[in-house]
Novice: 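Got a structure for you, written out below as structure tokens; questions coming shortly.
As the structure lists them, so they are numbered: ligands from 1, and atoms in each ligand from 1.
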Amino acid sequence: MRLSDREKAMLDGAEGPARQRAMDLLVRYGTALGAERLIPVTNVAGTWSSTTPWVQADLDAPDDFDTIFSRFNLDSDDTVETPQAVVSTCQLIHGIDTRNHALQGFSREKAELQRKSEEFFGRRGVQWASTCTPYQVGNVPVKGEHLAWMESSAVVYANAVLGARTNVEGRESTGAASITGLIPDFSLHITENRLATHRVRVEAAPETMMDWGLLGYAAGEMVVDDIPLLSGAIPQPRPMHLKHFGAAAASSGGVEMYHIPGVTAEASSEEEALGGRAPREEFVYDEAARRRAFEHINAQASNRSVDFVMLGCPHNSIEQMWQIAALLDGRRISSNVALWVHTPRQIRALCDDCGYTAVIERAGGHVMSDSCPAINRATPPGTEVIATDSCKQAHYLPAITGKETWFGSLEHCIDAAMTGRWSGEL
Ligand code: F3S
């Protein structure tokens with residue numbers, strides 16, 4: 001790997017032990033990937049949290065944040081002092097909602113640890129957005145900007161919708177990127193690697209949120225970790241549709257980039273999306289494929305007695321929160337069901353001001369932030385059967401919690417919350 005004089009000096013320790021270890025990590029990582037150089041990044045999104053279960057399981061002193069940073073963000077056995085971030089750095093989702101920690105089954109001490117962790121890393125430049133959707137709360141990179149982001153649903157949104165450039169990074173590489181402003185130059189940082197490889201002919205046009213999730217789930221299964229071009233008469237999507245599409249495609253497959261000509265950032269036409277090449281393979285998404293995706297995602301569920309409804313994966317936008325409040329207004333969910341609605345903490349504050357939080361709570365639900373059941377493994381006590389409007393959550397929760405999980409529309413999920421019964425169908 002070719003390094004600049006400044007990068008070599010950092011590697012030799014000229015800018016302190018933390019940056020020396022960060023450079024060592026980035027060089028090892030880049031070499032393993034076959035990258036020829038490091039490139040500057042201007043925006044990092046990762047995790048510095050000390051309350052995720054796997055961090056706490058490995059610690060003697062839970063509030064030794066320098067050790068947490070050294071071990072989990074720099075892959076260093078020695079503890080070094082945590083330096084300031086040098087580029088804009090934000091925290092993605094983490095392990096605990098400090099406002100609702102008791103509901104999640106976490107102690108006051110753990111919530112306090114989270115607060116201390118936020119104060120410690122906040123003073124060193126980490127912005128506690130605390131969401132998997134930083135682009136919904138003001139962190140909106142521009143086209144062409146190089147990033148180092150974790151979280152597959154955020155990465156695919158940044159690449160495809162915004163035209164920024166990032167691979168799916170890890171805790172260590174984002175930790176190192178934050179204090180050096182560098183990341184290896186490989187894969188989606190390079191223009192030719194961003195072109196479409198496969199064409200998906202969309203014959204079952206997506207209209208609803210559920211449709212966009214199913215299309216994403218099917219597309220991910222079709223192309224796995226390649227880059228689909230969606231063609232056909234596709235209705236104009238909203239940001240929340242693309243958020244659901246990308247999250248689903250990154251769950252059933254490993255999609256980090258896609259093109260919809262005239263909609264996404266880097267393709268005004270199919271030719272531009274393909275870079276003048278023919279697609280390697282073509283797929284058709286028709287009504288049969290839509291039904292197969294719905295049946296596949298629900299294949300692990302059979303018990304229709306639902307006791308937990310989870311909404312907000314990826315974290316809900318303010319528009320989605322407004323829709324949920326409208327569906328719940330003046331109603332009361334079943335006493336046998338828990339309803340958790342997830343949104344970024346900044347949007348929850350907006351929901352508090354708009355009265356949506358009060359409406360949802362009057363109906364018996366809870367507005368949660370900062371985490372989700374797939375990350376913190378927290379579900380209401382006694383949960384046996386889950387319902388969600390998220391393909392991603394339905395994909396992961398059965399394996400993570402061991403509980404059956406139904407996927408359907410928001411309306412199906414609200415109905416399940418009211419009745420305790422799953423009646424969702426295509
Ligand atoms: Fe976000 Fe958790 Fe879903 S991290 S994308 S709410 S699985």
Novice: Below 3.5 Å, can you tabulate the donor-acceptor pairs from side chains in residues 225-233 to any protein atom, sequence neighbours excluded?
Specialist:
none

Novice: Between Phe294 and Arg290, is there a cation-pi geometry (under 6.0 Å to ring centre, at most 45° from the normal)?
Specialist: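 Output no; distance or angle outside limits.
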Novice: Considering atom 1 (Fe) of ligand 1, could you give the total of protein N/O/S atoms lying closer than 2.8 Å?
Specialist: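 Under the 2.8 Å cut-off, the count stands at 1.
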Novice: Between Trp128 and His94, what is the ring plane arrangement, given parallel below 30°, perpendicular above 60°, and tilted in between?
Specialist: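 If you compare the ring of Trp128 with that of His94, the planes turn out perpendicular.
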Novice: Is Glu81 atom CD crowded by more than 12 heavy atoms from other residues, nucleotides or ligands, each under 6.0 Å away?
Specialist: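 Incorrect, the count does not exceed 12.
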Novice: In chain order, what residues pass the salt bridge (Lys or Arg N to Asp or Glu O under 4.0 Å) check against Glu172, with sequence neighbours excluded?
Specialist: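 Counting only residues at least two positions away or on another chain, Glu172 forms no salt bridge (Lys or Arg N to Asp or Glu O under 4.0 Å).
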Novice: Could you give the side-chain donor-acceptor pairs of residues 321-340 under 3.5 Å, partners two or more places apart or in another chain?
Specialist:
| residue | atom | partner | partner atom | Å |
| --- | --- | --- | --- | --- |
| Arg331 | NH1 | Leu327 | O | 3.1 |
| Arg332 | NH1 | Arg362 | O | 2.7 |
| Ser334 | OG | Asn336 | N | 3.0 |

Novice: Mark up the atoms of ligand 1 that fall under 4.0 Å of a heavy atom belonging to Gln393, in ascending order.
Specialist: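 So the atoms of ligand 1 that pass are 3 (Fe), 7 (S).
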